[in-house]
K.L.:
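Supplied in structure tokens, the structure appears directly below.
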Amino acid sequence: MSSRDSSSAGVVTVDVLTAKKLLDSGYAFLDVRTVEEFQEGHVAAEKIVNIPYFFSSPNGRVKNDRFLEEVSAVFKKDDYFIVGCGGGGRSLVAAGELVNIGFKNVKDMGGGFEAWVANGLPVSYPKA
């Protein structure tokens with residue numbers, strides 16, 4: 001684990017193959033990408049929620065100030081879920097913030113959706 005970001009301390013990162021096994025065993029998936037990214041395709045999971053960590057704006061990405069509140073409205077502190085994003089950076093920071101406020105069973109998916117796709121794992125596309 002990297003020590004470059006103290007907010008990620010205590011976060012367990014798993015690879016996409018392990019993440020797939022965990023999802024198959026009942027874990028939920030929290031996709032923290034933007035709504036636009038999510039709509040272009042996402043991890044195929046039985047239980048999946050999209051709560052963006054950042055929003056797209058004319059000036060670039062801005063942090064979702066209600067992220068922790070929105071996640072806390074969906075998940076309990078002892079729920080089992082994996083946090084994923086596009087490449088692994090956002091999810092690590094987001095998972096760290098969740099661990100810091102008391103979530104116990106959160107795992108970060110290393111490599112993000114890019115690694116998921118590269119490994120040929122199932123993808124869902126929202127219905128048009």
Side-chain angles (χ1 to χ4, degrees):
M1 182 176 72
S2 169
S3 60
R4 61 189 160 84
D5 186 348
S6 62
S7 68
S8 64
V11 174
V12 174
T13 298
V14 297
D15 63 41
V16 293
L17 298 176
T18 301
K20 173 72 167 99
K21 289 177 188 167
L22 292 171
L23 291 170
D24 289 345
S25 76
Y27 272 67
F29 192 85
L30 171 62
D31 191 318
V32 299
R33 297 177 302 153
T34 65
V35 171
E36 296 83 5
E37 288 173 300
F38 185 79
Q39 290 174 341
E40 291 174 3
H42 54 79
V43 166
E46 188 174 323
K47 304 174 207 167
I48 186 165
V49 179
N50 176 222
I51 301 174
Y53 188 74
F54 288 111
F55 292 116
S56 295
S57 79
N59 299 324
R61 291 183 176 163
V62 293
K63 187 171 187 280
N64 176 1
D65 291 334
R66 299 190 61 225
F67 176 75
L68 296 174
E69 179 184 332
E70 290 174 8
V71 173
S72 296
V74 175
F75 293 105
K76 297 182 182 108
K77 300 270 172 121
D78 58 354
D79 284 348
Y80 288 81
F81 62 99
I82 298 166
V83 181
C85 65
R90 281 175 282 179
S91 62
L92 180 60
V93 175
E97 287 190 19
L98 293 167
V99 167
N100 286 343
I101 66 165
F103 280 87
K104 298 174 184 68
N105 304 304
V106 175
K107 298 202 182 321
D108 166 57
M109 186 173 81
F113 186 62
E114 292 170 10
W116 182 271
V117 170
N119 279 271
L121 297 170
V123 175
S124 289
Y125 298 93
K127 294 171 181 52

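Fair warning: this is a prediction, and the values are worked out from it, not measured in the lab.
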K.L.:
When you group the ILVMFWY residues by side-chain heavy-atom contacts below 4.5 Å and let the links chain together, are Tyr53 and Val62 in the same group?
P.N.:
no
K.L.:
Roughly how far, to the nearest 0.5 Å, is the NZ atom of Lys107 from the CD1 atom of Ile82?
P.N.:
8.5 Å
K.L.:
Which is it for Asp79 and Phe103 under the side chain to side chain contact (heavy atoms under 4.5 Å, CB included) test, yes or no, and what are the steps along the way?
P.N.:
CA-CA 8 Å; Asp79 284 348; Phe103 280 87; 5.9 Å; no
K.L.:
Is the side chain of Ser72 donor-acceptor paired with the backbone N or O of Leu68 at a distance under 3.5 Å, no angle test?
P.N.:
yes
K.L.:
Provide the closest heavy-atom pair for Cys85 versus Arg90 in the form atom of the first, atom of the second, distance.
P.N.:
SG-N, 3.6 Å
K.L.:
Can you tell me which residue pairs pass the ring-ring contact (aromatic ring centres under 6.0 Å, His included) test with a partner in residues 13-37, sequence neighbours excluded?
P.N.:
Tyr27-Tyr80
K.L.:
Drop me the distance from Leu98's CG to Leu30's CG, to the nearest 0.5 angstrom.
P.N.:
7.0 Å
K.L.:
The test is salt bridge (charged side-chain N to carboxylate O under 4.0 Å, His left out); show your working for Lys76 and Asp78 and say whether it passes.
P.N.:
CA-CA 5 Å; Lys76 297 182 182 108; Asp78 58 354; over 6 Å; no
K.L.:
Quick one: NZ on Lys47 to CZ on Phe75, what's the gap to the nearest 0.5 Å?
P.N.:
9.0 Å
K.L.:
Give me the one residue out of Leu17, Leu23, Val43 that meets side chain to side chain contact (heavy atoms under 4.5 Å, CB included) with Leu121.
P.N.:
Leu17
K.L.:
Between Arg61 and Glu37, does the salt bridge (charged side-chain N to carboxylate O under 4.0 Å, His left out) criterion hold? Intermediate values first, please.
P.N.:
CA-CA 12 Å; Arg61 291 183 176 163; Glu37 288 173 300; 3.3 Å; yes
K.L.:
Counting N and O atoms only, with roles assigned by atom type, does the side chain of Asn100 sit under 3.5 Å from a partner on the main chain of Gly96, one being a donor and the other an acceptor?
P.N.:
yes
K.L.:
Looking at every non-hydrogen atom in both residues, tell me the closest pair between Val83 and Ala94 and how far apart they are.
P.N.:
CG1-CB, 4.3 Å
K.L.:
Between CG of Leu22 and CE of Met109, what distance do you get to the nearest 0.5 Å?
P.N.:
11.5 Å
K.L.:
Should Ile51 and Val74 count as side-chain neighbours, where that means a heavy-atom distance under 4.5 Å?
P.N.:
yes
K.L.:
Can you name the closest pair of heavy atoms from Glu36 and Ser56 and give their distance?
P.N.:
OE1-OG, 3.9 Å
K.L.:
To the closest 0.5 Å, what do you measure between CD (Glu69) and CD1 (Ile101)?
P.N.:
10.5 Å
K.L.:
Distance-only, no hydrogens or angles: does the Asn105 side chain make a donor-acceptor pair with backbone N or O of Phe81 under 3.5 Å?
P.N.:
no
K.L.:
For Val16 versus Gly112, what's the shortest heavy-atom pair and its separation?
P.N.:
CG1-O, 3.9 Å
K.L.:
What pairs of residues pass the side chain to side chain donor-acceptor pair (under 3.5 Å) test when at least one of them lies in residues 108-118, not counting sequence neighbours?
P.N.:
Thr13-Asp108, Ser91-Asp108
K.L.:
Can you give me the closest heavy-atom contact between Thr34 and Pro52, atom names plus distance?
P.N.:
CA-CB, 4.1 Å
K.L.:
Can you name the nearest heavy-atom pair linking Ala95 to Val106, along with the distance?
P.N.:
CB-CG1, 3.9 Å
K.L.:
If you measure from CG on Asn50 to NE2 on His42, what distance do you get to the nearest 0.5 Å?
P.N.:
8.0 Å
K.L.:
Does Phe54 have Lys63 sitting over its ring (NZ/CZ under 6.0 Å from centre, angle to axis within 45°)?
P.N.:
no
K.L.:
Does a donor on one side chain and an acceptor on the other come within less than 3.5 Å for Glu40 and Tyr125?
P.N.:
no
K.L.:
Tell me whether the count of non-hydrogen atoms from other residues, nucleotides or ligands lying under 6.0 Å of NZ in Lys21 goes above 12.
P.N.:
no
K.L.:
Gln39: which residues meet the side chain to side chain contact (heavy atoms under 4.5 Å, CB included) condition with it, sequence neighbours left out?
P.N.:
Val35, Pro126
K.L.:
For the hydrophobic clusters of this structure (ILVMFWY residues joined by side-chain heavy atoms under 4.5 Å, transitively), does one cluster hold both Phe55 and Val93?
P.N.:
no
